[in-house]
2 protein chains.
Amino acid sequence: MTERTPTEAARDIPEATVARLPVYLRALTSLAESGTPTCSSEELASAAGVNSAKLRKDLSYLGSYGTRGVGYDVEYLRYQIAREIGVTHDWPVVIVGIGNLGHALANFSGFRSRGFRVVALLDADPGRHSEQVAGIDVRPFRDLATIVAEQGVAIGVISTPAHAAQDVADAMVAAGITSILNFAPQVLSVPEGVDVRKVDLSIELQILAYHQQRKASAVEGAVLHAPGDAGGADDLDGRLEAPA
Amino acid sequence: MTERTPTEAARDIPEATVARLPVYLRALTSLAESGTPTCSSEELASAAGVNSAKLRKDLSYLGSYGTRGVGYDVEYLRYQIAREIGVTHDWPVVIVGIGNLGHALANFSGFRSRGFRVVALLDADPGRHSEQVAGIDVRPFRDLATIVAEQGVAIGVISTPAHAAQDVADAMVAAGITSILNFAPQVLSVPEGVDVRKVDLSIELQILAYHQQRKASAVEGAVLHAPGDAGGADDLDGRLEAPA
DNA sequence: TAGATTGTTAATCGATTAACAATC
DNA sequence: TAGATTGTTAATCGATTAACAATC
C-alpha cells in the first residue's frame, strides 16, 4: 500500500527537504519582518544556514516561485512554503503531561506564531487539575477523547515521564490522533499511518559528547576539557584508545 | 584540514550511526535494568525501534562485540557503546537562559543518569540571580568564562530567546566551549571546530503538520480533522490542490 | 543586449537493506 | 554436528553538490 491518490503523487517531496522547509519559512518570516522585499537564493540560503544549491534544489520540488536574474519575492515565497507545509491555518494541539517540560511547552510562544494552537493541557495527576498554565486549565487525562473529537485535534504532544508515554500514545491513537511529538525518552509503538517524531535532549547531548571526545583526544598529550570533576585527572583510561 | 591522527582515523563512524548509538545505549540500559543478561540483534533492534540489519551494521563500526550463534552480552555491549560515545564519565554542562525551558532543562533528571552534570545556570537578568533552580544558584551571565575555565566545561546549552542566542554563542565560544546545544529558534554562526546541534519544537511540529495535511487531503471529499476552529469549514481553499 | 540568478542535470557521496558466509 | 546468529558484502536507494543552460 504505497499507492497514493493521483493529486498527491504529483508532488513527492523528499523527507530531507520537508525537514528544511520550516527553516526556510522562518528565515523568510525574519526577512519579511526586516522589510526585505526580495532575496536571492544565496541570501536566503545564508539566512537559513544551508548552501544555495541545496536551497534551490529544495524549492524546485515545490514549483517555480522565483524569477531568473532577480530572485524570490519574500512574501510570496513565504506564503507558498507555509501553504506547502500546511501552516496557513492553525492546527489545534493537545499537550499531555504537565510537569516542568509541559509547563515550558504550554508557555512556548512560538506555537501561536508558527501555525499551532494549544487547545488543551492534560495530566493524569488530579493534584494538577486545579492549576492553570499559560491561561489554560489543566484537565484530566481521561477527557482526551472528548477534546480530540470536539476540537478536531490531529496532533498530540507527549511530555510525560517515559513509563507513561506508551499508554498516552495508545490513548491518543484510539482518540483519532495521527501525529505525535514525543518528548519522553521512550520508543513508541504505533499503528501504521500514525507519525511519531521524537525530541530527545539526552540523545542530542550524547551526539555532542561523541564529537567533543574526539576533539579532546585529537589533542593527545595535552588533555584539555577532560570530562569529570575539576580535580579529576584520574580515571581517564578507557576513554582514549590504546596507543598503537 | 580533514586529516586526523592515526588513532582516530581507524574508526570513522558515519554520522547516522553516531546519532543512533545513544538509542542503543538506552535500550541496553533498559534491558540491563530488567535483568536480561544477553540479547540478539533482533531483540535489541526491536527495543531500539530499528531493523536488525541496520543495528548490526552500526555495531560493526565499533568492533566485534557479539558472539555468533549467541548474541550480545547486554552489560558488555552497553559499556562499549558508552565508551565509544564518551559517557563513561560525566560531562560538565552549563545552561544559559533560565526561563520556562531553562527551568525544565535544569530539572531534567535524564542529565545525571546519561553522562551529564549541570554545573551552572546562567541568566543575564539580575532579577533571576536570587533564584535557585533544581538546587543550583542562578548566576550572572558574565560569570560564564570563569565557570567554563574552572569546571572544564566543554558543552553549553542555550535556552534564551532567539534574539539573545547569537551573543550567548559568541560568549560560549570565546570562553572555550566547543559543543553547543541550541534550543533558541535562531540559526547560529560559529567558527569551524565548534559543533552546534539544534532542537526546535516548532520545526518538529511543522514536519508533522506537513504529513498530517497529506493524510487529510488523501481522504478527499470527507474532510476530517480540518485545521482551525471547530466551526471553520470556511477558508479551506489553497490547502488542497486544484483537481486535475 | 549584458548581467544576474534561477531551475535542472548529472555526478558523487552517504545510508539503508537483504542476503549470506563465517563461526560460535 | 546442527542450529543460531553475527559481521560483512554488495546492491539499492536517497541526499548533496557543482556546474550550467534557460531565461528574466
Side-chain angles (χ1 to χ4, degrees), chain A residues 2 4 9-24 27-28 31 36-78 80-81 84 207 210-211, chain B residues 2 4 9-24 27-28 31 36-78 80-81 84 207 210-211:
Chain A
T2 37
R4 294 291 164 92
R11 296 261 182 93
D12 208 359
I13 302 183
E15 204 41 48
T17 297
V18 170
R20 283 188 294 266
L21 291 181
V23 180
Y24 303 151
L28 286 163
L31 285 170
T36 313
T38 63
C39 67
S40 67
S41 64
E42 201 66 59
E43 290 165 326
L44 180 54
S46 150
V50 302
N51 75 48
S52 66
K54 192 186 278 180
L55 170 76
R56 289 199 301 278
K57 181 78 171 152
D58 283 340
L59 294 185
S60 76
Y61 292 110
L62 312 194
S64 283
Y65 296 132
T67 308
R68 290 168 201 238
V70 178
Y72 301 92
D73 181 285
V74 168
E75 194 47 56
Y76 180 64
L77 183 58
R78 195 202 61 74
Q80 293 303 333
I81 293 179
E84 191 70 41
I207 296 169
Y210 171 83
H211 293 293
Chain B
T2 37
R4 292 293 163 92
R11 297 260 183 89
D12 210 0
I13 302 183
E15 203 42 47
T17 297
V18 170
R20 283 187 294 265
L21 291 181
V23 181
Y24 303 151
L28 286 163
L31 285 171
T36 313
T38 62
C39 67
S40 67
S41 63
E42 201 66 60
E43 290 164 328
L44 180 53
S46 151
V50 303
N51 74 48
S52 67
K54 192 187 276 181
L55 170 75
R56 289 199 303 278
K57 180 79 172 152
D58 283 342
L59 294 185
S60 76
Y61 293 111
L62 314 194
S64 281
Y65 296 132
T67 308
R68 289 168 203 240
V70 178
Y72 302 92
D73 180 283
V74 168
E75 194 47 56
Y76 179 64
L77 183 58
R78 196 202 60 73
Q80 294 302 334
I81 292 180
E84 190 71 41
I207 295 168
Y210 171 82
H211 294 292

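The shown structure was predicted, so the numbers you read here are calculated from the model rather than taken from an experiment. The sequence lines fix the lettering, A, B, ..., with proteins before strands; numbering per chain opens at 1.
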Length of the [atom1]-[atom2] vector between [X] and [N], whole Å:
X       : N      : atom1 : atom2 : answer
B:Glu43 : D:dT5  : CD    : P     : 8 Å
A:Glu42 : D:dT17 : CD    : C1'   : 13 Å
A:Arg56 : C:dT9  : CZ    : C1'   : 12 Å
A:Asp58 : D:dG14 : CG    : C1'   : 13 Å
B:Asp73 : D:dT6  : CG    : P     : 13 Å
B:Arg20 : C:dA15 : CZ    : P     : 9 Å
B:Asp12 : C:dA15 : CG    : C1'   : 14 Å
A:Ile13 : D:dG14 : CD1   : C1'   : 15 Å

* Let me know, please, whether A:Asn51 or B:Gly71 comes out on the 5' side of the other along DNA chain D by nearest nucleotide. => B:Gly71
* Structure fact -> Note: for B:Lys57 and B:Cys39 on DNA chain D, the residue whose nearest nucleotide lies more 5' is B:Cys39
* So A:Val18 and B:His211, side-chain contact (heavy atoms from CB on, under 4.5 Å) or not? Walk me through it. -> CA-CA 9 Å; A:Val18 170; B:His211 294 292; 4.3 Å; yes
* Structure fact -> Taking for A:Val70 and for A:Ser60 the nucleotide of DNA chain C with the nearest heavy atom, the one nearer the 5' end belongs to A:Val70
* Any donor-acceptor N/O pair under 3.5 Å between C:dT6 base and A:Arg68 side chain -> yes
* Asked: Can you find a pair of side-chain heavy atoms, one from A:Leu21 and one from A:Glu84, that are under 4.5 Å apart?
  -> yes
* Stepwise side-chain contact (heavy atoms from CB on, under 4.5 Å) test for A:Thr67 and A:Thr38 -> CA-CA 10 Å; A:Thr67 308; A:Thr38 63; over 6 Å; no
* Asked: Quick one: is D:dT5 close enough that its OP1 or OP2 comes under 4.0 Å of any side-chain N or O from B:Ser41?
  -> no
* Side-chain N or O of A:Tyr72 less than 4.0 angstrom from OP1 or OP2 on C:dG7? -> yes
* If you look at every strand shown and take non-hydrogen atoms under 4.0 Å, does B:Ala53 touch a base, only sugar-phosphate, or nothing? -> base
* If you look at every strand shown and take non-hydrogen atoms under 4.0 Å, does A:Glu15 touch a base, only sugar-phosphate, or nothing? -> sugar-phosphate
* Verify side-chain contact (heavy atoms from CB on, under 4.5 Å) between A:Val50 and A:Val23, making sure each step is shown before the conclusion. => CA-CA 10 Å; A:Val50 302; A:Val23 180; 5.8 Å; no
* Who pairs with D:dG14 - Watson-Crick or G-U, where each distance is under 3.5 Å -> C:dC13
* Paired nucleotide for C:dT23 [Watson-Crick or G-U wobble; both distances under 3.5 Å] -> D:dA4
* Roughly how far apart are A:Cys39 SG and A:Asp73 CG, rounded to 0.5 Å? -> 9.0 Å
